[in-house]
Every structure is written in C-alpha cells, then in structure tokens.
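Please read the structure below before turning to the comments.
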Amino acid sequence: MAFVQFSKVSMAFGERDILKDVSVNLQTGTKAALTGANGSGKSTLIKIMAGLIEPDSGERIAQKDARISYLPQSGLVHHGSTLIEETDKAFEWGYEILKQAEEIAEEMKTNNSEFLAVKHSELLSKLEESGWYRRNVLSEQVLTGLGFERSDFTKMTDEFSGGWQMRIALAKALLTSPDILLLDEPTNYLDLEARNFLESFLTEFKGGFLLVSHDRYFLDHTINEVYELFAGDLKRYPGNFSHYEKVREVELETLIHQYEQQQQEIQHLEDFIRRFGAKATKAAQAQERQKMLDKIERIEIPENLKKIYFKFPPAPHSGQLVLTIENLCKSYDSSFNVINNLNLIVEKKERLVVAGRNGAGKSTLLRMIAGVDSNYTGTIKLGSGVSIGYFSQDSAEKISGNETILEHLESKLPLELIPKARDMLGAFLFRGDDVFKSINVLSGGEKSRIALLELLIKPHNLLILDEPTNHLDMHSKDVLLQALKDFDGTVIFVSHDRGFIEDLSTIVLELHPGVHREFAGDYKYYIQRLEAEENGLETSPLSNTTNTSAAQKEEVKATETKLNWEEQKKQQAEKRKLEKEVEKLENEIQAKENEKEDLINQLSLPENYSDGEKSKTIKNKIDEIEAELEKLNQLWEEKATLL
C-alpha cells in the first residue's frame, strides 16, 4: 500500500501561520477533498504534499517508489510536440523500467545469475500489471474523455489555448498511473462532459487522491472524507461534502454563539478602558482590564462559511412571452449551420439552461439573443417590456479604472443599497481589505466577479448568463443560486456546474452542431431521458448522426412530440407550486427557529433567569414556538415528499 505521511508540518508567510502542526496520511484508497477559504493555504499544503515546497518544520515521508502526480490550478504550457507525443510523456516511468529491464537482459548475456533473472522478471511483470502496454488505448480514452477530438491528436500542443493546455496537463497526471494523485481545482477548465469523465475516472481509481474543487456535485460523487484548513489547523470530517457542510453548520452555530458572547465581553472591556483609562482613580482598574483584553484568544469565523444573502432589485414588468425565436440559423463558413432552424419560446420566470458539448453553439446562441452577434438568419424577437442583462467571460475586459473595488461598486449602486456594498462584495469573494484593491491590479477572474455583481444590481427582467459560476467558490455559488431562484424575472444560462444547473433549471435546450432538442422539464428530467435513450428504452434522434438532413429534423420533431406537451406543462406547473410551498415553509421554519434562539438567549440573561415570572413567560413562549415548529416540520415533510 503506497502512502505519503505528514507529521506536525508547519509553514508561515511572514507573521502569518499558514499551517500549524498539520498531520495527515494519504494512502492507497484515500478519496479526500481539501477545503477552506480563499487564501487559507490549500495550494501551499498540496505543494508541500507533492514535495515541491519544503515546510518550515515537520516531516514528510513518502513510501519508496511511490508515484505522486500533481496538477496545479493553472500556468502549465506545452509546446514542441504533438498532443499524443506530449501525452506519451506521462509514461516515462514505464520507459525507465523497460530501459532497466533491457540493461539487465544485456548483463545476463555474460552473467546468467538467478538474482538478475528474478529482477528482470519482476520488472517485466510490473510493466504488464501497470497497463503500460495498453498506453495508446489508455491515452485515447483519457484524451477523448476530456473533450479532445481524435483529429487533435496530431496537432502541435502550441496550438491549444490556456484551458486546453490544462486539460493536457490533467490527462498526463491521470495517465502516470500514480499511487497518489493531488489535484488543485481540476474542474476549472472542464465542461460538463469532461467533468463527468473525471468523476468516473476517480470513482474507479485504485490509488489515493486529494483534490480541491468548488463543484459540490462533483465532490459528493467522488470523495468520502473532507479535510478543512482553517486558521492554520487541519481537521478531518468523514463522509461526502454535503455531509461535511451539515456537520460544519452545527459546529458553526455554536462557534457564532461563542463569538457573539466574546464580542460583547470585548466591547465591555474596551468601553471601560476608554471611559476610565485617563482617570487617576480608575487607572489601575483600566490597566487590569487591558491585561484581560490582551489575554483573550480571539474566536474567528471561517470566511467561506459565513452566511451572506443577496437579492436582486425587482425586475421591471414584462409580458408573459419573453422571447420568441423562429428559424434561427448560424454558420461560420457558409457550408454548415452550427445552429440550424432553431425555434424556441421562452416564457416569464422560466430558467432555461442551454446544454451541449464544447463547439455546439451554446455561447454563440446566448450572444445572438443578447444582441451582441447579429450575423445570423431567422428572427429573435423580445417580448413587451423585456430588458436584457448579459454576462459573459468577455465582460471582465470592460472593467477598468484607478478607483478601489468598493468605490467602483458604490458608484454603480442606488443610494439605498450603498450601505450593503461590503456585504455584496463579500458574497463575491472580496472580503476584508480586498475591497480597497485598485480595479487596475485585479486579475481576470476578479474582474469577472465584479462584472457579474455589476449586472446583478441593475434592474433587468431577462438575465442571459454564460458561465456565471466561473471564478466563484462554493459559498458564492450558493449566494448566486439563491438570488437567481428568488429573482422574479427570466433566466437563460450556460453552466458547467452540475449542481447549479440541477437546482436552477426548469427547461433544457440541448444543442449539437446543426441539431437541437427542447426538454420541458428540469435537468434531472433531461438526464433521465438521456439514460432512457442509452438503455434502449427511447430512441435518440441524434444516434449515428454526422450531419443535418431534413429526415433528421423530422426525426427530432417526432421524438419531441412523444410526450404530451400539455401534460408536461401541467406537471411542471404543479412542481413549481410545490417548490414555492416548500420554500415558504422553510422560510417560516427558519423564522421560528430564529425566534426560538432569540428567546433562549434572553433566558440566559441574569435579569431574566433570576426573575421567576419573566423566565416562566419566556419558557412558555419557547414551548409555543416548539409546538408550531413541530406542525410546520410535519407539513414540510409532506410537501417535500410530494415534490
């Protein structure tokens, strides 16, 4: 069993402790995630594990001959070879073993010892068991799984863009047959299909791995333990990521209660020192209070777990019919329509996700709807009163200026929202002193978050969002998701985050080059339809398709009309009604829980628990709330079960 052990590892940057006596053991079979706030030191820890950085103190022990493969977040570039040649470099360990075997075979010609014969046999067996002789097949499987076409195999690596360069690096990391795999945000550059492939690969992977990712769905389906890095300490939580979040939420409630009590204590001490520090009669007492204040070990709340809420401004009124597309065609070379005869109707408050592989025309369609690209045939008609807000990765290029992030946002906000500017920025990962950074020094990802926030604070009723979750951590995605679910306008979006899509979408438009299908249901329904097709329970109109023809279009149409449209609409309406009822009950339960917690806090105050009449009144109110909560929870269970 291969392993990498770390014992009491510490690392500091200046006066800040990144790691404090961290101990962890990665071994064959480990399936772990590493989480923590931005800047908490996750990448540093992974680099230490990979042996790229020496810690200030502590011990790193790797089993002899253990193969450790590491993928950084970004920055890898390949050049000077074809894609398949570059990928073959992942098998250098096999070429080295083969070289050793050949050297021993040469030596055996003059020295036919039993030791050499055994050693030679062991090396060849090791190659056989590792799958090295199947490396060409494995390379093809991994490359196509990550989205490369077979025609890409002979392309020079210099021709690939940054995101595809990282896919090449990921392919090499997977193909090294590592004992331990260290992946720092491997899903950043992957579309949904490539993420699904990586998920399957890691599920079947026999070695151990530790990864960082902001994709909750991906983590829930790949890992069985979570390590959280916070304030230099590393803590292990067994179970998948959603389970970790539930456990951490309970811990956090206790921590927040302790934090609030400590803040009150600090406030009282500081008030006393401020009021009486200059008075001779109280100076000694003030000094004593200062000593008490200095000794307090300050409680910190993890930034990535703080609850931040964000609401859109009310959407301007629009008609029920938001968007009508008729006979839309788009071609890049006049010989083939990437989008061919697309007809689509989008109604008010629908959340349409556009699905499909890279190159299917998803971003192109969004640009045409947003009015950025007018080079097409057919018609795109907006409904009465429709106001579009459009976000794409190009939006970051428009963000510039010498003002600070906070000044930039405040200049865009209506007066009533200016006091909430810090909270809004916090929701999009600009926390603490980050808000005082100059706009001009921001990275592309940071500018992209600013552009998204700018869009969301403007009153629109049709949001067109192309990959809005890129550059967001998991908590920021949750904030955005809840805001979009509460939004009373319409949303058309593209995303590679499976959980985000499943939670938001109500309709799916599937694009393939030249072919499209609409599914009147959410993403889970769409996946069920695809699985039915794969299992032969339903025929896909796209099977054995190489180009578009009139017959294919008729076949698509025939498949789309299999299910009764009106029945689907009815079911969808019932589902939405249930979702609203469940959400309303959840809000009522939360309000009651907050009320109960407030009463419990009141009961803990000396002026209340020492007064029999007051404490009795408060206890009676708590009992009443608990009875109401029991009814609400029972009703919630009934509705949730129906949903």
Side-chain angles (χ1 to χ4, degrees), residues 312-332 334 336-356 360-392 394-395 455-456 458-468 484 487-495 501 504-523 526 548 550 552-554 556-557 559-561 565-566 568-569 572-573 576:
F312 289 100
H317 177 73
S318 73
Q320 183 63 26
L321 205 59
V322 172
L323 175 69
T324 304
I325 296 177
E326 294 180 345
N327 302 321
L328 183 66
C329 296
K330 173 70 177 180
S331 173
Y332 293 116
S334 74
F336 176 76
N337 286 337
V338 174
I339 295 174
N340 192 56
N341 286 334
L342 173 63
N343 292 285
L344 179 69
I345 292 175
V346 180
E347 296 183 3
K348 190 174 181 179
K349 295 191 178 182
E350 288 184 331
R351 277 83 170 108
L352 172 73
V353 61
V354 185
K362 303 188 298 293
S363 295
T364 299
L365 176 60
L366 264 55
R367 283 198 300 272
M368 290 190 291
I369 295 172
V372 175
D373 183 352
S374 58
N375 185 19
Y376 58 82
T377 61
T379 60
I380 298 175
K381 183 181 178 183
L382 298 178
S384 172
V386 171
S387 166
I388 290 179
Y390 173 54
F391 171 82
S392 73
D394 297 335
S395 302
L455 171 68
L456 301 183
K458 295 173 183 174
H460 298 292
N461 48 33
L462 172 57
L463 294 177
I464 300 174
L465 308 175
D466 193 357
E467 293 290 354
L484 288 171
F487 177 54
D488 54 355
T490 307
V491 183
I492 299 174
F493 71 105
V494 170
S495 176
I501 297 171
L504 184 60
S505 63
T506 59
I507 293 181
V508 179
L509 176 66
E510 179 192 75
L511 294 184
H512 288 260
V515 182
H516 60 272
R517 295 192 291 174
E518 185 181 350
F519 295 80
D522 61 15
Y523 196 78
Y526 166 66
T548 308
Q552 285 173 327
K553 283 180 235 170
E554 286 303 315
V556 172
K557 188 176 178 182
T559 303
E560 288 175 340
T561 55
W565 176 263
E566 291 302 324
Q568 288 180 49
K569 281 288 187 182
Q572 196 62 32
R576 287 177 191 166

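Note that this is a predicted model, so its numbers are computed, not measured.
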Item to check | Distance (rounded to the nearest 0.5 Å) between Gln320 CD and Ile345 CD1 | outcome: 11.5 Å

Checklist outcome for this item: The reported gap from OG1 in Thr506 to CD in Glu347 (rounded to nearest 0.5 angstrom) is 10.0 Å

Checklist entry - Do Tyr526 and Val353 touch side chain to side chain, with heavy atoms closer than 4.5 Å? => result no

Checklist entry - Looking only at heavy atoms, what is the nearest atom pair of Tyr390 and Arg367, with distance? => result OH-CG, 3.1 Å

Checklist outcome for this item: When every non-hydrogen atom of Val491 is compared with those of Phe487, the smallest separation belongs to CG2-CD2, 3.8 Å

Item to check | side chain to side chain contact (heavy atoms under 4.5 Å, CB included) partners for Pro316, two or more places apart | outcome: Pro459, Asn461

Item to check | Test item: Val322 and Glu350 side chains (from C-beta on) under 4.5 Å apart, heavy atoms | outcome: no

Checklist outcome for this item: Sequence neighbours excluded, the answer for salt bridge (charged side-chain N to carboxylate O under 4.0 Å, His left out) partners of Lys348 is none

Item to check | Pairwise side-chain contact, Leu344 with His516, heavy-atom cut-off 4.5 Å (strictly under) | outcome: no

Checklist entry - Measuring from Ile464:CD1 to Leu352:CG, what's the distance to the nearest 0.5 Å? => result 10.5 Å

Item to check | Minimum heavy-atom distance between Lys330 and Thr364, given as atom pair plus value | outcome: CG-CG2, 3.8 Å

Next on the checklist: Which residue is it: Val338, Leu328, Ile492, Val494? I am looking for the one with a side-chain contact (heavy atoms from CB on, under 4.5 Å) to Leu365.
Outcome noted: Leu328

Next on the checklist: Does any part of the side chain of Leu455, heavy atoms only, come nearer than 4.5 Å to the side chain of Leu465, both counted from C-beta?
Outcome noted: yes

Item to check | Nearest atoms (heavy-atom pairs only) where Ile369 meets Ile388 | outcome: O-CD1, 3.5 Å

Checklist entry - Is any side-chain heavy atom of Leu321 closer than 4.5 Å to a side-chain heavy atom of Lys381? => result no

Next on the checklist: Please give me the minimum heavy-atom distance between His460 and Ser387, naming the atom from each residue.
Outcome noted: ND1-OG, 3.1 Å

Item to check | Sequence-distant partners of Thr377, side chain to side chain contact (heavy atoms under 4.5 Å, CB included), two or more places apart | outcome: Cys329

Item to check | Test item: Asp466 and Asp394 side chains (from C-beta on) under 4.5 Å apart, heavy atoms | outcome: no

Checklist outcome for this item: Looking only at heavy atoms, the pair that brings Phe391 and Glu467 closest together is CE2-O, 3.8 Å

Item to check | Asp522 vs Val508 side-chain heavy atoms within contact, under 4.5 Å | outcome: no

Checklist entry - Taking the side chain as C-beta and beyond, is there a heavy-atom pair between Asp488 and Lys349 under 4.5 Å? => result yes

